[in-house]
Amino acid sequence: MRILQLHSDFIVFKPLEKEIEIAEEAKKEENRIEEALVLFIAIEEGDNSALAEKAIDDTRAFLGKLGANRILIYPFAHLSSNLSKPTEALKIICAMEAYAKNKGVETYRAPFGWNKQFTISIKGHPLAEQSRSYTPESQNVVPCESKQEETVSEALKAEDTMKSYWHVLQTDGSLVPIEEFKFKGNSNLQKFSQYEIKKTRAVTQMPPHVPLMKRLEIADYEAGSDPGNIRWYPKGRLIKSLLEQYVSARVAEYGGMEVETPLMYDFNHPSLSSYLNRFPARQYVLKSEDKELFLRFAACFGQFLIAHDAQFSYKQMPVKLYELTRYSFRREKSGEVVGLKRLRAFTMPDCHALCTDIEQAKKEFIIRFDLCIDVLDNIGLTKDDYEIAIRFTREFYNEHGDFIAAVAAKFGKPILAEVWNERFFYFALKWDLNFIDNQDKAAALSTDQIDVENAKRYGITYVDEKGEKQFPLILHCSPSGAIERDIYALLEKAYREQMKGKPPMLPLWLSPTQVRLIPISDKFLDQVEVLAKQVESHCIRVDIDDSASTLQKKIREAEQEWVPYIIVVGEKEINSGLLSVRIREVKGSQQQMTVDNLISKVTEKIAGKPYKPLPLPMYISKRPQFHG
RNA sequence: GCCUCGAUAGCUCAGCCCGGUAGAGCGGCUGCCUUGUAAGCAGCAGGCCGCGGGAUCAAGGCCCGCUCGAGGCUCCA
């Protein structure tokens with residue numbers, strides 16, 4: 001049995017023609033049912049009344065969640081290629097109807113055996129669309145030894161031959177089905193069997209960036225909040241802050257005017273409500289006295305409301321508004337929230353450009369495309385790290401095919417294209433750039449879109465040459481994507497480098513410690529501090545390992561912290577002024593240089609990037625540990 | 001949201017199958033060592049065994065619910 005279950009605002013259906021001999025009697029008139037959970041059902045070979053009851057029980061569970069109690073049973077053969085005989089199907093459909101009514105559900109039914117016409121309006125919430133499938137086997141669990149010989153199709157037999165049955169061979173020679181074996185105290189065997197059964201790489205492991213973000217004291221989960229709302233330690237806050245500063249600076253350079261808008265909005269504001277009702281389950285909702293508010297899930301509202309009240313003409317356009325949202329909130333489904341990859345509260349740079357017409361929009365689009373690629377490159381993510389998808393309608397392609405071709409040529413790598421026959425989103429053209437992680441999963445970073453709908457929805461207008469009000473096109477661009485996601489991508493990339501035998505590291509400008517000084521003994525601490533002050537005065541983050549452990553251990557710990565430059569300072573260095581610098585980038589090989597050489601080498605590498613001082617005490621002995 | 005798995009010291013994990021005194025390594029603290037490029041030695045402290053309920057003379061271990069995490073599915077405007 002297959003069921004497509006849709007939570008509808010309303011459905012209208014009209015029986016047209018009888019399709020089969022045994023069709024039920026029905027009038028050829030329109031039926032309209034409001035607010036019903038519609039069940040499109042196909043009855044398959046072997047389905048029985050027990051299954052019918054099970055399906056209705058599941059539906060009732062859903063009704064409970066939805067706070068609804070009205071269903072429409074709609075026979076719909078097209079869901080299956082293994083249909084039962086119509087007489088059987090009709091019996092089961094009737095059984096379902098009777099059972100549902102019996103259980104107190106307000107039940108309607110479309111006639112069986114008719115060719116029907118229907119119109120349906122589906123609610124947008126996540127539970128609105130469900131598909132389910134039932135088989136008799138999943139219903140009745142029959143013990144193996146009592147299973148009767150039955151006629152089995154060739155296809156099923158073939159499937160049976162190919163299917164693996166897994167067991168564990170115990171020390172006494174007995175076999176235990178893998179499901180029944182308790183692996184406690186045998187974890188290697190467990191890992192091995194999982195590996196064998198799944199026949200894939202060890203994907204059962206956590207995404208690599210999660211243990212890294214904890215071990216490097218960047219960020220961590222916060223059980224005291226909601227999933228996907230995380231805590232940032234000093235080093236992580238530094239990295240995040242530098243990225244925020246960098247992206248904002250680049251957008252400012254491009255001409256984005258930075259604004260700040262509220263985090264929460266009134267559900268009943270007229271401009272917002274029509275847009276919002278499509279996504280009712282995605283927001284954090286909060287009640288405050290007599291108001292219902294939602295936490296913003298993007299910067300769009302705030303900027304649109306500003307644009308709505310602003311006065312501008314074609315002479316000022318494109319008008320570019322920018323905000324770095326800390327935070328945007330999206331109540332992603334619990335199973336989808338992972339590490340720094342997918343959060344419920346995240347930091348999103350978002351720049352809107354209001355353009356007069358499609359020609360101006362196209363011109364701006366290209367400028368921003370270049371900006372995005374360059375911003376990511378400077379963050380440390382190159383074209384080898386991501387893939388681009390571009391999405392548009394056929395109509396847009398017919399009119400602007402050469403433009404799309406130009407974008408592709410600019411990128412110089414094949415692009416995945418998604419083409420629609422009709423536009424059903426608010427944009428006519430969109431691209432997004434996707435990082436591919438170590439589990440071969442994609443996560444979108446930068447994106448830009450040409451929005452052809454929201455100016456009208458929000459009442460945003462500009463004045464044209466003739467003094468008439470016009471609706472602008474709105475470009476939505478995030479040059480870097482979510483800042484947290486950039487850090488996820490950098491950590492995943494570092495892990496990948498490590499797997500390739502290269503030392504994992506962050507870009508120099510983002511490394512919390514850029515230079516670590518290790519005095520060979522306490523005797524040299526004073527001189528080392530003088531050296532540190534000198535380096536620090538050139539906007540380089542330098543610290544001193546004055547802890548009580550051995551030299552070798554201090555080097556090991558600096559390497560595990562991914563410190564790019566490690567310098568041991570003893571009598572030789574103090575006397576000669578020549579430092580032996582251990583360089584992570586080239587696998588920890590050492591190079592002799594003076595302090596000035598070191599300073600200019602580092603300064604050159606971080607030129608053009610923002611600087612913030614060390615987020616922790618310079619002396620390592622003074623630092624708390626944030627993660628074991 | 002669904003299915004599966006997990007949660008024991010600050011961290012990583014053993015103990016659970018078969019109920020009967022809470023374990024290791026790392027980290028921390030104290031002391032020794034004062035060091036030349038990836039783990040020096042010794043001692044000490046550290047536990048509501050995620051939370052709540054149940055069965056049991058007795059639960060870290062069994063049963064049920066919840067929270068949080070992970071993998072898969074679904075989703076990703």
Side-chain angles (χ1 to χ4, degrees), chain A residues 58 61-62 65 124-132 168 170 176 179-187 190-191 194 197-198 200 202-207 210-211 214-215 217 220-228 275-276 278-279 281-282 297-298 300 330-339 341-342 391 424-427 430 432 434 439 441-444 447 449 451 453-454 476 503 516 518-525 545 547-561 563 566-573 580-584 587-590 624-628:
Chain A
D58 287 356
F62 262 107
K65 284 185 203 169
H125 64 78
L127 290 178
E129 300 169 26
Q130 299 276 328
S131 99
R132 308 204 305 264
V168 170
Q170 295 187 305
V176 180
E179 305 80 7
E180 287 168 38
F181 188 75
K182 298 200 173 169
F183 279 102
K184 296 180 177 174
N186 246 319
S187 59
Q190 187 170 21
K191 282 175 201 160
Q194 278 174 356
I197 292 167
K198 303 210 166 171
T200 49
V203 178
T204 44
Q205 132 198 95
M206 231 184 265
V210 174
K214 295 183 185 189
R215 189 176 66 70
E217 295 193 328
D220 207 339
Y221 294 119
E222 176 52 76
S225 182
D226 200 41
Y275 189 37
L276 277 176
R278 286 179 65 200
F279 315 104
R282 280 292 193 82
F297 50 86
C300 302
R330 297 184 192 185
R331 234 200 39 189
E332 304 290 4
K333 290 189 230 166
S334 58
E336 296 161 9
V337 177
V338 185
K341 182 183 171 190
R342 200 165 177 82
R391 305 154 206 277
F424 45 87
F425 298 122
Y426 56 75
F427 52 84
K430 170 184 178 171
D432 44 272
N434 295 273
Q439 294 171 315
K441 291 187 174 178
T447 179
Q449 314 164 358
D451 175 348
E453 244 179 39
N454 280 310
H476 301 237
R516 168 147 311 155
I518 303 179
I520 228 155
S521 119
D522 295 351
K523 280 186 294 192
F524 305 108
L525 258 182
D545 191 346
S547 63
S549 40
T550 59
L551 174 66
Q552 294 191 24
K553 186 155 183 181
K554 290 178 187 185
I555 288 167
R556 176 179 153 85
E557 281 170 356
E559 294 284 9
Q560 285 183 323
E561 265 184 69
V563 174
I566 301 167
I567 306 169
V568 174
V569 184
E571 200 152 11
K572 266 193 296 188
E573 289 75 17
S580 178
V581 182
R582 189 180 162 110
I583 304 172
R584 182 172 186 79
K587 279 193 153 180
S589 73
Q590 291 170 50
Q625 250 180 321
F626 291 103
H627 188 266

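Here is how names work: the chains are called A, B, and so on, in the same order as the sequence lines, proteins then strands, and each is numbered from 1.
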* Give one of base, sugar-phosphate or nothing for A:Glu217, where a contact means two heavy atoms less than 4.0 Å apart. => nothing
* To do: Name the nucleic acid region contacted by A:Val337, choosing base, sugar-phosphate or nothing; use a 4.0 angstrom heavy-atom cut-off, strictly under.
  => sugar-phosphate
Please tabulate the protein-to-nucleotide N/O contacts below 3.5 Å involving nucleotides 65-67 of chain B, giving atom names and distances.
none

Sub-3.5 Å pairs of nitrogen or oxygen atoms, protein against nucleotides 43-51 of chain B:
none

* Asked: Any idea if B:G61 is syn or anti, going by the 90°-from-0 cut?
  -> syn
* Asked: In chain order, what residues pass the salt bridge (charged side-chain N to carboxylate O under 4.0 Å, His left out) check against A:Glu557, with sequence neighbours excluded?
  -> none
* **Minimum-distance nucleotide to A:Gln625 side chain [options: B:G28, B:C68, B:G1]** => B:G28
* Asked: If you measure from the C1' atom in B:G15 to the same atom in B:G23, how many Å do you get, rounded?
  -> 7 Å
* Asked: NA contact type, A:Gly224, heavy-atom cut-off 4.0 Å: base, sugar-phosphate, or nothing?
  -> nothing
* Asked: Mapping A:Val338 and A:Gln590 onto RNA chain B by nearest heavy atom, which one lands closer to the 5' end?
  -> A:Gln590
* Asked: Taking only residues two or more places apart in sequence or in another chain, which ones pass salt bridge (charged side-chain N to carboxylate O under 4.0 Å, His left out) with A:Lys341?
  -> A:Asp437
Please list each protein N or O that sits under 3.5 Å from an N or O in nucleotides 38-42 of chain B, with the distance.
unit_1	atom_1	unit_2	atom_2	d
B:A38	O4'	A:Arg556	N	3.4
B:A38	N7	A:Arg582	NH2	3.0
B:A39	OP1	A:Gln552	OE1	2.9
B:A39	N7	A:Arg556	NH1	3.1
B:A39	N7	A:Arg556	NH2	3.3
B:A39	N6	A:Arg556	NH2	2.5
B:A39	N1	A:Arg556	NH2	2.8
B:G40	OP2	A:Thr550	OG1	3.1

* Atom pair CD (A:Glu217) and CD (A:Glu561), whose distance is rounded to the nearest 0.5 Å -> 7.5 Å
* Partners passing salt bridge (charged side-chain N to carboxylate O under 4.0 Å, His left out) against A:Arg584 (at least two apart in sequence or in another chain) -> A:Glu559
* Asked: If we take the C1' atom in both B:G28 and B:G61, what is their distance in whole Å?
  -> 30 Å
* Asked: Can A:Gln560 and A:Arg215 be said to form a side-chain contact (heavy atoms from CB on, under 4.5 Å), step by step?
  -> CA-CA 9 Å; A:Gln560 285 183 323; A:Arg215 189 176 66 70; 4.0 Å; yes
* On RNA chain B, check which nucleotide each of A:Lys214 and A:Lys572 is closest to and give me the residue with the more 5' one. => A:Lys214
* Rounded C1' spacing from B:G47 to B:A22 in Å -> 8 Å
